[in-house]
Amino acid sequence: MIKIGLILEFEGKNLFRKYNIPLVNSMLVTNEQEAIEASQKLGLPVAVKAQVLSGGRGKRGLIKIAKTPEEVVEKAKEILNMESDGRPVTHLLIEEAETIKQELFVSMLFDPETYDVKVLFSPKGGIDIETLAKEEPEAIETFIIPFGDRSYPYYFMYKLKERGIQSKQVVPLARIISTLVKMLYDEDLQLAEINPLVINDKGEVIALDSRVVTDDDALFKHPERKNYLSETLRHTKAEKEAEEAGLSFVDLDGDIGMLSCGAGMGMATADLIEYFGGEPRNFLDVGGGASPEKVSEALRIMMEEGGLKAILINAFGGITRLDDVAKGIIDAKEKYNINIPLVIRLTGTNQEEGVRILKEHGLKAYLDMEESIEDVVKESRGGQN
Amino acid sequence: MIKIGLILEFEGKNLFRKYNIPLVNSMLVTNEQEAIEASQKLGLPVAVKAQVLSGGRGKRGLIKIAKTPEEVVEKAKEILNMESDGRPVTHLLIEEAETIKQELFVSMLFDPETYDVKVLFSPKGGIDIETLAKEEPEAIETFIIPFGDRSYPYYFMYKLKERGIQSKQVVPLARIISTLVKMLYDEDLQLAEINPLVINDKGEVIALDSRVVTDDDALFKHPERKNYLSETLRHTKAEKEAEEAGLSFVDLDGDIGMLSCGAGMGMATADLIEYFGGEPRNFLDVGGGASPEKVSEALRIMMEEGGLKAILINAFGGITRLDDVAKGIIDAKEKYNINIPLVIRLTGTNQEEGVRILKEHGLKAYLDMEESIEDVVKESRGGQN
Amino acid sequence: MWSKSQEEVKIKMAVLLTKDTKVIVQGITGYQGLFHAKKMREYGTQVVGGTRPGKGGTEIEGFKVFDTVKEAMQETGATASVIFIPASGVKEAAFEAIDAGIELLVVITEHVPKVDVITIVEKAKKHKINMIGPNCPGIITPGQAKIGITPGNIVSPGKVGVVSRSGTLTYEVLEQLTKAGVGQSTCVGIGGDPYKATNFIEVLEMFEKDPETEKIVMIGEIGGSAEEKAAQYIKEHVTKPVVGFIAGKTAKKGKTMGHAGAIIQGNVGTAKGKIEALQSVGVKVAERLSEIPKLLES
Amino acid sequence: MWSKSQEEVKIKMAVLLTKDTKVIVQGITGYQGLFHAKKMREYGTQVVGGTRPGKGGTEIEGFKVFDTVKEAMQETGATASVIFIPASGVKEAAFEAIDAGIELLVVITEHVPKVDVITIVEKAKKHKINMIGPNCPGIITPGQAKIGITPGNIVSPGKVGVVSRSGTLTYEVLEQLTKAGVGQSTCVGIGGDPYKATNFIEVLEMFEKDPETEKIVMIGEIGGSAEEKAAQYIKEHVTKPVVGFIAGKTAKKGKTMGHAGAIIQGNVGTAKGKIEALQSVGVKVAERLSEIPKLLES
């Protein structure tokens, strides 16, 4: 299962461009030479913007303005030497610098409770929107669009005019907001946000940033997203491999490897490991209905990632067949060098067959979850309580 | 106003391909050499199909099967030497020949009375569908999909199964039909038709032809259609020029040029010309709200097309301003060599100003339509009744 | 004095257009929109303003300009709107007017995509508003008001209701009637597109019920089956005399829209078929437009 | 003997699932579909057939295969359907079942696009059908029948209603209850997706009204605000004792979905917040799953 979710600024802007949301010109570069060339084509001054997933780039020095060719080189170099989310910055967006008269904020998602589209809008945009939400909540307006209503710009024109936005800006603004609503549906987005959405010195309304969260479950409708740079940036090697194998990999800090089927069970297992005094190192969820190959691959990735003192396999078979899980374990044990304690717990669909397979290969299977967890915590401490 | 309407087989199939309607492989070629190369890539036997707008290609020898490379050259040559719709055949589609077990027919459009999508389906497709409709109307089924219903394949599965179509074919068939319904909306089609829709020897359902009528009024949503080959094939030079000028040009057989605003008025004018014993040569509709430039251009095109003994300009100004019409006439008279009688009739919006402008330039304007038509018919006979 | 049922009818007809109807123009700052806003005002129509998103609060040639239809309606009390907007913007403009609660919507614009037209008409039906068009000359109530582009100088008040599928041909008929001293109660140009909001039948029904209308003129043309359906309706529901005219008698047989078009529509659509259908239900059909006034007298 | 109002309630609960419910499997020829169709049949569920378009008229492992849901319902009298179809086909399959008039629809498939889920749920609501899922283990009525993937060997009939957002965790709870001798009336796995057809509140309402259910177990996890809303509902409407469990107490604070996500959802979503919300309305919250049977007794 490929996980993309949040995409990079330039990827979000490419989506915006497809829907004619107004943007300033920009170019993606990976080194100073390209940055200089881009700034020559775009014209100075330019903004040099790190393409990273975490927010607050301005504060963290990941966005800088360059007014001369020398500054372009200097700022590009500076930013390319920085890190974000534990990785070096590899891509910059060189963008025409805008003269900003006002910064606005717009963000929207499907409300999980009502399924309506919930649109947040504020005439006070910029970097501190979460602070604003706390300190001046009345500065943020909420518009509700009932599910399925393909909203038109005039709807938002009414709303915005009621909030005192000027005639001149109300038209492009309303068009941008209604376009974003359309994009939620047609592009399968979980979140579409522009902050800041700026009014420049010519009175034009322009999307200066993008924050777009895609729905990974809809990848089959948008296969081009598999090639997004954000996809490769997001993951460690193990996460990437897990993804390719259709697994979910969560990095933690301890020394017990955890393999389970289902996220809820995984969380409860982690809770119990901590309850019994252990520390989970990672959590590999093979999901429902995992094949032997998937289980084996999960164990390979876990071993390669290293840092483990013991592994717990906690499988409760619903859609998953425990004979498949057992076969996967045996396969991994034979192929990869699993030299640490392997604590296995199997209950559910085809449990007897699973236990039998393990037994044939000299492996014991717990039936009780707490017993198995107590055991793996003990093993992680070298067999001592 | 560009008029495309009905598009060529290969253009329709390109649309089908975008929606995954099953097709056999094919290549577009313009000479025998390309035809040979295409047949080598596709594998023999192939069908050699003239890309022309009129139907009944099989009967007219515009589709031929070639089993050997020699036959490919021969058939391609033959067809490229033929004519259709008064033009030489310039493009061929070379297509893998299919082994046909059964020919079906499906066609659909928005019903102008109810706005529902009306789907016609017959298990007896092939070239004689209009004959079938007359002689065996019960062989054609009609399915009605209420407007706005985005029909799903299962809907047509129910319908087709009720008509005794086998399980195996019912699935691809229902998928094709529901896809065509979707295309009517999303591609702004006025008609989507596949005849024959064939079941081949492997039991696969394949669209062997396409007949697609596009909505020219929706060109702004589908700008790529401006480059369709069908667009260039459809028109004479005069029609093409008229189109580019935003005019509607209709070729007739007589010797009186007719320029009017509005199709209904044009038809009624033609009726009256014939009533008074004249013969309209063509009919140029400048539409509503024509500018002076449009009127002038219309007269230029009409003169260039030639064959006229007199011209009637019958303008009733509603949205059209008659001063604009008058200015256009004067402009054309000054620029182009209009050496035949020009009978003008103006009534409606800004009539006085229009008449005044004509008078200033020595031109008379009728106010009564019948009088003007009687006059132009007389002029077309050299001034004699 | 009107009986109660006649009174109701009178109100219904008034829904379409009287001198008291307040009208706004969507697209009032455009070339056509402004030109015809002025023409409508000159004719006596209460054109109380118009819309042009982004120009709200300004004025143009004495017309107030609003950003949105809702604001225009709230500030002026308008109940009718006429759309003079390029085809690509018509769907949004019509949706806005319908959502804002307009009662009468006239769409003048031609070349609106057919799927858009159908979508608009379905929405108008759902909201039970009166919509005329697209691609139509609009409505004129002689001596009172006009919405649309029918020239004001060719009509005169009277008792003949005119309904027409053709634009310019309508003007011709109105002028011939006026010249012949035959006044008109209301003229509705329903538009020439195959898909449209109001067709012959709806207008025939209004004329039949309207006490101001004594006789009816109906202008059709080749293509489709609206005239044939109207004939059927006239047979069953219309007691007032109807005079008809069909344009396109000499038209070459056009290309059909493909097999489905031919099969669905059968042989309907020719001038001959339409004339026969109308004649068979007692409608007098004029061969030339100029015969219409005479046929109305007899 | 039941009073009348209890009788009505009994019927309502029976709508979900009894041994008499006839069930079809959409996607019955698939690996998972066939495997679980057999498991359901073994457990006693009346699995009367399934669908696989194109394979209508065949049989697989004793199950009749139909092309369409409508045919399957007509020929078998089925009123419930369970979907085992890849995510990309779920919307169409669910629409088909709803349009065919199914009364209970369970969607097991995970990773259904969110816009599709919302569209399906809206349609299900409009047609007033009971829908569970997607991405859920389904329903089991111990000793009678099951729809979905809950293992049959971990449940036993009794008086505790179980409702859970998590798949595998549900099984764990059921097994612990069964081992401890605590039988279950019905277990509904509502699924772990943020968007879903049935949430805690609807199931709590059923359990409150169901005479077979005396106590309730509710399994939640971090994220969203469904548990907080359920707490509010319990306070106002639930008189039966509720024992809760929340998974994810040690989870790192996840990345939010952006500012809107954070602002809209506020501080809800943490295990701590959920546990406190439940405790504040009298729900006993277990720290470990194994404590649940004991908490039910007290």
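Chain letters run A, B, ... following the sequence lines, proteins first and then strands; every chain starts at 1.
More than 12 heavy atoms of other residues, nucleotides or ligands shown are found within 6.0 angstrom of NZ on C:Lys91. The local environment of CD in A:Gln166 is sparse, with at most 12 non-hydrogen atoms from other residues, nucleotides or ligands closer than 6.0 Å. Within a 6.0 Å sphere centred on NZ of A:Lys124, other residues, nucleotides and ligands contribute 12 heavy atoms or fewer. The environment of NZ in A:Lys101 is sparse: at most 12 heavy-atom neighbours from other residues, nucleotides or ligands sit within 6.0 Å.
C:Thr51 contributes atom OG1, which lies 8.0 Å from atom CE of A:Met157 (distance to the nearest 0.5 angstrom). A:Ile165 contributes atom CD1, which lies 12.0 Å from atom CG of C:Asp67 (distance to the nearest 0.5 angstrom).
Between A:Ser167 and C:Gly56 the shortest heavy-atom distance is OG-O, 3.4 Å.
Remark: the backbone N or O of C:Val69 is not paired with any side-chain donor or acceptor of A:Tyr154 at under 3.5 angstrom.
Ion pairing between C:Glu92 and A:Arg175 holds under the 4.0 Å rule for side-chain N and carboxylate O.
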- Task: For side chain to side chain contact (heavy atoms under 4.5 Å, CB included), just list the numbers for C:Glu96 and A:Tyr158, CA-CA rounded to whole Å, side-chain angles, deciding distance to a tenth of an Å, and then say yes or no.
- Result: CA-CA 11 Å; C:Glu96 182 185 356; A:Tyr158 298 147; 3.3 Å; yes
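Heavy-atom distances place both the backbone and the side chain of A:Pro153 under 4.5 Å from chain C.
With contacts defined as side-chain heavy-atom distances shorter than 4.5 Å, the pair A:Lys161/C:Phe66 does not qualify.
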